Protein chains: 2
Amino acid sequence: MSIITIKQIARDLGLSIATISKALRDGHDIGEETKKRVRAYALSVNYTPNPYASSLRKRKSKTIAVVLPEVTDSFFSKAINGIEVVAQMKGYHVLIYLSHESLLREQSILKDFQSGRVDGVLMSITTETECNSHIQELHARGIPIVFFDRVCNEIDTAKITTNDFESGYAVTSHLLESGCNKIGFLTISNCLPICMKRSAGYKKALIDHHMESKESDMILCSNNEEENYTLIKKILSQKKRPNGIIASVEKLSTTIYQVCKDIGLQIPNDIKVVCFSNQSTAAILNPSLTTVTQPAFEMGKTAAALLFKALEKTNLDLTKESVIIPSTLHIRESSVLAGISKTKNKLLQKEILIS
Amino acid sequence: MSIITIKQIARDLGLSIATISKALRDGHDIGEETKKRVRAYALSVNYTPNPYASSLRKRKSKTIAVVLPEVTDSFFSKAINGIEVVAQMKGYHVLIYLSHESLLREQSILKDFQSGRVDGVLMSITTETECNSHIQELHARGIPIVFFDRVCNEIDTAKITTNDFESGYAVTSHLLESGCNKIGFLTISNCLPICMKRSAGYKKALIDHHMESKESDMILCSNNEEENYTLIKKILSQKKRPNGIIASVEKLSTTIYQVCKDIGLQIPNDIKVVCFSNQSTAAILNPSLTTVTQPAFEMGKTAAALLFKALEKTNLDLTKESVIIPSTLHIRESSVLAGISKTKNKLLQKEILIS
DNA sequence: AATCTTTCCTTAAACGGTTAAGTAAATAAA
DNA sequence: TTTATTTACTTAACCGTTTAAGGAAAGATT
């Protein structure tokens, strides 16, 4: 069976191509009888319109792009889920692109979008994205862009984030109140707004608690797991090592636990650990890990919903549509005052919506 | 600046549309001088060909679809990574669709592909996919399909799997050798080949070790976390509860640990636990979790590479191209003989390639 | 009876590329 | 010199839709 087109249906039913097209799209100037006949026939021959012909003509692709640094951690997995749910509901298609934390790839990915391949873009930038002319250029072409999580401040459009500053503040305060007096802050970038906000919250909390905020306590990690292991091991092996540590990205938690195991540091007695993470296993780690959980699914959903809103009404000003969805602090054993971790275990499963 | 097309370039350079098209694609019957001029100009005006016009004419979309049940666990995240890496290298685009374990959605997703939206499909079927006419129909249209992980046996095409039978066998043997004599096997489907193979390996191992394989030890879990919690709790609270448990899907590990914690079962002393999982946190769980790790990234990569091979040479017979990539058994504390777990900890980090 | 509407359908021109077929000029072969 | 070949381009059809514009027939209005 060859591919069935509108032209074929027209021939078969003795009607014109235009009539078929309009009948299928419920055009106003087609008789009810004809509509029924056409639709019934189209169904019977299993007609599926060619999306590319339609996209070409309408200059709309019904497709969005999602550009992510990676999809290894659970944040982006969940975000994709949220995006996909909304897209499927709206009848949109989702192209996925990974920049693998490389600015070069991000640039070439966005360059391709100039072609009109997608109607809109959802993105989270790489750690390398300091120069943003490629994004600016796409934006200038009028393609709606919604950032989520890792936003680019220089582009004037909607940004879906969580309350990173407050989260950094909350988690630091929590560690201070749990008795830490030297807290290391692990980050992966000095430029990403998300990292800057979290560390700003951290610094503010230190100041508010009359503590000194030392630059040497800010530790810049890389994308290389072994390097990170070595670095963290070095930090935690110092005489004046931190007794509290904040990992601002998920993947570092495994490394920290591994280092502590290997050099014999007891969590939380010797060192307290908290992590920005969406891992479902946090609760069953040894010891269970205190986390700041981002609303990943919600953020993806919100970002997608907003993008579609922008695609549907062209006059929407995305600039004014940014959303901040609060994170949750899950206090568990890894950050708890010495002594009570085992006994008061149950009580410690505190869940606090950060505000 | 309006959108720049081949037509515009032709006008600007005083050449015909055909010349521009052929010059840009390095056609053989265009003069070197002209090619240079055209390419230089195209670059200078930042020309990007309209992919939909090209797709329409060439009847090729340079796009593949990835259809997954979900993207919550690390298996599919890593698989996507593998797929995307190959696709990006080959200049293909990746549409992602989630069936959310619903046959209905899977059907409607595949139905859309009849339109020629994608050149090929990579898929992992839902737990509900027993009827497969929708896949058959797509396959009959000549769209290459490569299954990975959750394959559909009835469709005669390439399947990228891991050695599920051997993995089930290996992990069961391991538990038996660690002293278990009643092993529960948690599964999510009685139909999915992947589940059947793993459980077949489990049963074979029991028989080879002269043990009885009881149907009551096969536990069918659902997609609902709370239901699973209740079910597993019930099983583990019985008087004649298992002293070994195999979770054939990743997400169940958290539930099992939670149940054990809640009803006071000590892993591995009271019960030994192993899980088919790619979680990076397995090593730092409490206790560290013995896992069968699937080569997720590799599987994604291989599946994608194979699909592109099929797309490039039309005469390739996908039927003969299935690949089995072995899993790895990581033996950790959760499945270890009583007593030695803490002391011989280091030695226990055994990693065995299953063959 | 003549004109105006309305209804329902058709014609044909897009959309932006690709490509088979044709052609004019320059070069080579007879 | 005539004919064949090569080179470098153009013309025009085509991919499958959408849609503005037009038109014939029937019914309504004057």
Side-chain angles (χ1 to χ4, degrees), chain A residues 1-39 41-42 45-63 91 93 112-119 141, chain B residues 2-39 41-42 45-63 91 112-119 141:
Chain A
M1 134 211 65
S2 70
I3 216 79
I4 178 97
T5 68
I6 261 189
K7 197 189 274 178
Q8 185 58 47
I9 297 182
R11 257 199 298 270
D12 294 354
L13 296 184
L15 288 166
S16 78
I17 292 180
T19 305
I20 309 300
S21 176
K22 282 188 279 192
L24 290 173
R25 343 178 56 252
D26 204 24
H28 63 284
D29 59 350
I30 301 293
E32 274 312 318
E33 255 329 295
T34 314
K35 278 186 190 171
K36 266 189 207 160
R37 243 181 81 215
V38 171
R39 283 200 281 248
Y41 187 74
V45 295
N46 206 358
Y47 167 73
T48 347
N50 182 311
Y52 297 128
S54 171
S55 291
L56 177 60
R57 180 60 230 247
K58 295 205 286 187
R59 298 157 157 287
K60 290 260 162 107
S61 63
K62 275 270 173 186
T63 304
H93 300 261
D112 175 75
F113 299 162
Q114 309 252 347
S115 67
R117 187 184 299 279
V118 294
D119 296 342
R141 287 244 177 173
Chain B
S2 70
I3 216 79
I4 179 97
T5 68
I6 259 189
K7 195 190 274 177
Q8 187 58 47
I9 297 182
R11 257 200 297 271
D12 294 353
L13 295 184
L15 288 166
S16 78
I17 292 179
T19 305
I20 309 300
S21 176
K22 282 189 279 191
L24 290 173
R25 339 178 57 253
D26 205 22
H28 63 284
D29 59 350
I30 300 294
E32 274 312 318
E33 252 332 291
T34 314
K35 278 186 190 172
K36 265 190 207 160
R37 242 180 83 213
V38 171
R39 282 199 283 249
Y41 188 73
V45 294
N46 207 358
Y47 168 73
T48 348
N50 183 311
Y52 298 128
S54 168
S55 292
L56 177 60
R57 180 62 229 249
K58 296 204 285 188
R59 300 157 158 285
K60 290 259 165 105
S61 63
K62 275 272 174 182
T63 303
D112 175 75
F113 298 163
Q114 309 252 347
S115 68
R117 186 184 298 279
V118 294
D119 297 340
R141 288 244 177 171

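Convention: sequence-line order gives letters A, B, ...; per-chain numbering from 1. Since the model is a prediction, treat every value here as computed from it, not as a measurement.
- Listed candidates were dG16(D), dT18(C), dC9(C). Nearest to the side chain of R57(A) is dG16(D).
- Taking each heavy atom of Y47(B) and I6(B) in turn, the nearest pair found is OH-CG1, 3.3 Å.
- Side chain of K7(A), nearest nucleotide from dC15(D), dT10(D), dT17(D): dC15(D).
- At least one side-chain nitrogen or oxygen of S21(A) sits closer than 4.0 Å to the OP1 or OP2 atom of dT18(D).
- At least one side-chain heavy atom of I3(B) sits less than 4.5 Å from a side-chain heavy atom of R141(A).
- Side-chain contact between D26(B) and R39(B) is present, with heavy atoms from C-beta onward closer than 4.5 Å.
- The distance between atom CD of Q114(B) and atom C1' of dG16(D), rounded to the nearest whole Å, is 17 Å.
- Judged by distance alone, the side chain of R37(B) and the main-chain N or O of L13(B) form a donor-acceptor pair under 3.5 Å.
- The stretch residues 25-37 of chain A comes close to DNA chain D through R25(A), each having a heavy atom under 4.0 Å from the strand.
- A sub-4.0 Å separation between OP1 or OP2 of dT17(D) and a side-chain N or O of Y47(A) is present.
- One finds the CG atom of N46(A) at 9.5 Å from the CD1 atom of I4(A) (value rounded to the nearest 0.5 Å).
- Atom CG of L15(B) is separated from atom C1' of dT11(D) by 14 Å (rounded to the nearest Å).
- Looking at the side chain of R59(B), the nearest of the listed nucleotides dC15(D), dC9(D), dG17(C) is dC15(D).
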Begin with the C-alpha distance, continue with both residues' side-chain angles, and end with the deciding distance and a verdict on side chain to side chain contact (heavy atoms under 4.5 Å, CB included) for V45(B) and Q8(B). CA-CA 10 Å; V45(B) 294; Q8(B) 187 58 47; over 6 Å; no
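- Between the CG atom of L24(B) and the OH atom of Y41(B) there is a distance of 12.5 Å, given to the nearest 0.5 Å.
- Between the CD1 atom of I20(A) and the P atom of dC8(C) there is a distance of 16 Å, rounded to whole Å.
- The side chain of P49(A) lies closest to dT17(D) when the candidates are dT17(D), dT19(C), dT10(C).
- Rounded to a whole Å, the CD1 atom of I9(A) is 15 Å from the C1' atom of dT18(D).
- When the C1' atoms of four end pairs are superposed on the next four at each end of the helix from dA1(C)-dT30(D) to dA30(C)-dT1(D), using five pairs per end, the two resulting axes differ in direction by 60°, to 10°.
- Atoms NZ (K58(B)) and C1' (dG16(C)) sit 13 Å apart, rounded to a whole Å.
- Under the 3.5 Å distance criterion, the side-chain polar atoms of S61(A) are left unmatched by any main-chain donor or acceptor of S55(A).
- Rounding to whole angstrom units, CD1 of residue I3(B) and P of dA14(C) are separated by 19 Å.
- Nucleic acid contact class of P51(B) (heavy atoms, under 4.0 Å, all strands): none.
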Nucleotides 23-28 of chain C: which of its N/O atoms have a protein N/O under 3.5 Å away?
none

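- Side chain of L56(A), nearest nucleotide from dT17(D), dG16(C), dG17(C): dG16(C).
- Ranking dA12(D), dG17(C), dT18(D) by closeness to the T5(B) side chain, first place goes to dG17(C).
- Residues I17(A) and K7(A) approach most closely at CD1-CG, 3.9 Å, considering heavy atoms.
- Here the nucleotide nearest the side chain of A18(B), chosen from dG17(C), dT10(D), dT17(D), is dT10(D).
- Residue I17(B) is classed as a base contact, given a heavy-atom separation below 4.0 Å to a base.
- Neither OP1 nor OP2 of dT17(D) sits under 4.0 Å from any side-chain N or O of K22(A).
- For S16(B) and I6(A), each mapped to the nucleotide of DNA chain D holding its nearest heavy atom, the one lying further toward the 5' end belongs to S16(B).
- The two residues S115(A) and P49(B) have their closest heavy-atom pair at CB-O, 3.3 Å.
- Atom CZ of R11(A) and atom CD1 of I20(A) lie 11.5 Å apart (nearest 0.5 Å).
- Of all nucleotides listed (dG17(C), dC9(C), dT17(D)), dT17(D) comes nearest to the side chain of N50(A).
- Look at CZ on R117(B): it is 12 Å from P on dT17(D), rounded to the nearest Å.
- I9(B) contributes atom CD1, which lies 12.0 Å from atom OG1 of T19(B) (distance to the nearest 0.5 angstrom).
- Rounding to whole angstrom units, CG of residue L24(A) and P of dT19(D) are separated by 13 Å.
- In this structure, the separation between OH on Y52(B) and CG on N50(A) is 11.5 Å, given to the nearest 0.5 Å.
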